[in-house]
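Data first, discussion second: the structure below is written as structure tokens.
By convention in this document, chain letters (A, B, ...) are assigned in the order of the sequence lines, proteins followed by strands, and residues within each chain are numbered from 1. For clarity, every value in this text was computed on a predicted model and none was experimentally measured.
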There are 2 protein chains.
Amino acid sequence: MQKNLEQILNTILHSSEILEEKMKQDSDLKDLTSRQLYCIELINKMENPSLTELADGMSIAKASISVMIDRLEKKKLIYKVTSDNDRRTAHVHLTEIGMKAASIHTDLHKRISELLTKDMTESEKEILIVLLNKSVKSLIKNKMQISN
Amino acid sequence: MQKNLEQILNTILHSSEILEEKMKQDSDLKDLTSRQLYCIELINKMENPSLTELADGMSIAKASISVMIDRLEKKKLIYKVTSDNDRRTAHVHLTEIGMKAASIHTDLHKRISELLTKDMTESEKEILIVLLNKSVKSLIKNKMQISN
DNA sequence: AAAAATAATTAGATATATCTAACTAAATTA
DNA sequence: TAATTTAGTTAGATATATCTAATTATTTTT
């Protein structure tokens, strides 16, 4: 009952999804949609972007991001700060709750990592990490050619 | 620049998401929502469930699944077959296009697996698979206790 | 300073995802 | 057979995610 790599990936990715859903349910973030969560993660990554930058980042119209940000503001996940340089521009910041939401993915990866190496010896862990580093290198190297 | 397991997971999961999005865009399935894709995957896994079973599987109301299935039918992704035993019951089947949609995840895992082992020797591959099998066992074993 | 460009908002449209409640048709039970 | 239960649909409500077009406030260019 040895699994091949595809089946292993399947199990890991599927478990990740389930665990992520559980973490969301267990937190006070139950009613965040996937788009909203994505938006929050992007705000985190982009470090307080303007609405226009965010809209570009999410590939949606400025009007759409404006509405979305309104809703996230009502839910106390973000707040807007008007720029001093250009008073037309607003920058989006995460609140405490927003930051918690943004860290869901990171936390998830941490927990999965722990689970994956739970029953391993130190040397097994080391070998696994060396090999996976190699894997990830191939993955990144080939990313560009993936699209076809 | 050796990455730890958490960073590796991060890269793999992130690449998976991007690749999945690309595969969706490149197919004729651009306008499928994530809920619709999830629904189709579930239909595939459950093997022609009734609407009630599907609704339970997705944890939504029967009325909601009815509407959703209507839309998927209009898009030619599924079709309904009235049961001979019980003529109140309809079973949902995937069309050719529906099956294509359902296999997006599987295809994705196959491609990622290929990429991950692209630059490895056979023996490296073997070791990786043995170790990851161990990982997956821990993962499954601990799944129950994850929720807290 | 007047004209043009830019950032964000608002209005109005369409599609989706949900819900509860009411309804129809069919099957089961008493 | 009459009453009850069950499967699915329909109607009507609310929330989200999008869009384009029009509007407002500011900034930049001429």
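Comparing C:dA7, C:dA17, D:dT16 by their closest approach to the side chain of A:Arg88 singles out C:dA7. The B:Thr89 side chain lies nearest to D:dA7 when the options are D:dA7, C:dA8, C:dA17. Closest contact between the side chain of A:Lys62 and the listed nucleotides D:dA7, D:dC19, C:dA8 involves C:dA8. Nearest to the side-chain atoms of B:Val67 among the listed nucleotides C:dT18, C:dA8, D:dT16 stands C:dT18. Of the candidates D:dA17, D:dT10, C:dA17, the closest approach to any side-chain atom of B:Ala63 belongs to D:dT10.
Contact annotation for A:Lys75: backbone-only contact, meaning every heavy-atom pair under 4.0 Å involves sugar-phosphate atoms and none involves a base. Looking at heavy-atom distances under 4.0 Å, B:Lys74 makes no contact with the nucleic acid at all. When heavy atoms are screened at a 4.0 angstrom cut-off, A:Ala61 is found touching base atoms of the nucleic acid. As judged by a 4.0 angstrom heavy-atom cut-off over every strand, B:Ser66 is placed among the base-contacting residues. Nucleic acid contact class of B:Ser64 (heavy atoms, under 4.0 Å, all strands): base.
The nearest heavy atom of DNA chain D to B:Lys80 and to A:Ser34 marks one nucleotide each, and the one closer to the 5' end goes with B:Lys80. Along DNA chain D, the nucleotide closest to A:Arg71 and the one closest to A:Arg87 are compared, and the more 5′ of them pairs with A:Arg71.
Between B:Thr52 and the phosphate of D:dG8, there is a side-chain N or O to OP1/OP2 separation shorter than 4.0 Å. Using a 4.0 Å cut-off, no side-chain N or O of A:Gln36 falls inside it from OP1 or OP2 of D:dA15.
Side chain of B:Asn133 to backbone of B:Ile129: a donor-acceptor contact under 3.5 angstrom is found.
For the side chain to side chain contact (heavy atoms under 4.5 Å, CB included) test with B:Val92, the passing option among B:Leu77, B:Leu42, B:Leu51, B:Leu72 is B:Leu51; the others fail.
A salt bridge is absent between A:Asp56 and A:Lys62: the closest approach of a Lys/Arg side-chain nitrogen to an acidic carboxylate oxygen does not fall below 4.0 angstrom.
If you take CG of A:Asp86 and C1' of D:dT28, they are 10 Å apart, rounded to a whole angstrom. Here D:dT16 presents its C1' atom at 14 Å from CZ of B:Arg35, a figure rounded to the nearest Å. Computed from coordinates, the B:Leu51 CG to C:dT18 C1' distance equals 16 Å when rounded to whole Å. The CG-C1' distance, from A:Leu32 to D:dA15, rounds to 14 Å in whole Å. The interatomic distance linking B:Leu72 (CG) with D:dG8 (P) rounds to 16 Å, in whole Å. Rounding to whole angstrom units, CG of residue B:Asp70 and P of C:dA17 are separated by 12 Å. Here the P atom of nucleotide D:dA7 and the CG atom of B:Asn85 are 13 Å apart, to the nearest Å. Taking atom CD1 of A:Ile69 as the reference point, atom P of C:dT9 lies 9 Å away to the nearest angstrom.
Between the side chains of B:Lys3 and B:Thr11, at least one donor-acceptor pair of N or O atoms lies under 3.5 Å.
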* Let me see the working for B:Leu37 and B:Lys24 under side-chain contact (heavy atoms from CB on, under 4.5 Å), right down to the final yes or no. => CA-CA 10 Å; B:Leu37 188 53; B:Lys24 221 166 110 185; 4.3 Å; yes
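A distance of 4.5 Å separates CD1 of B:Ile69 from CD1 of B:Ile78, quoted to the nearest 0.5 Å.
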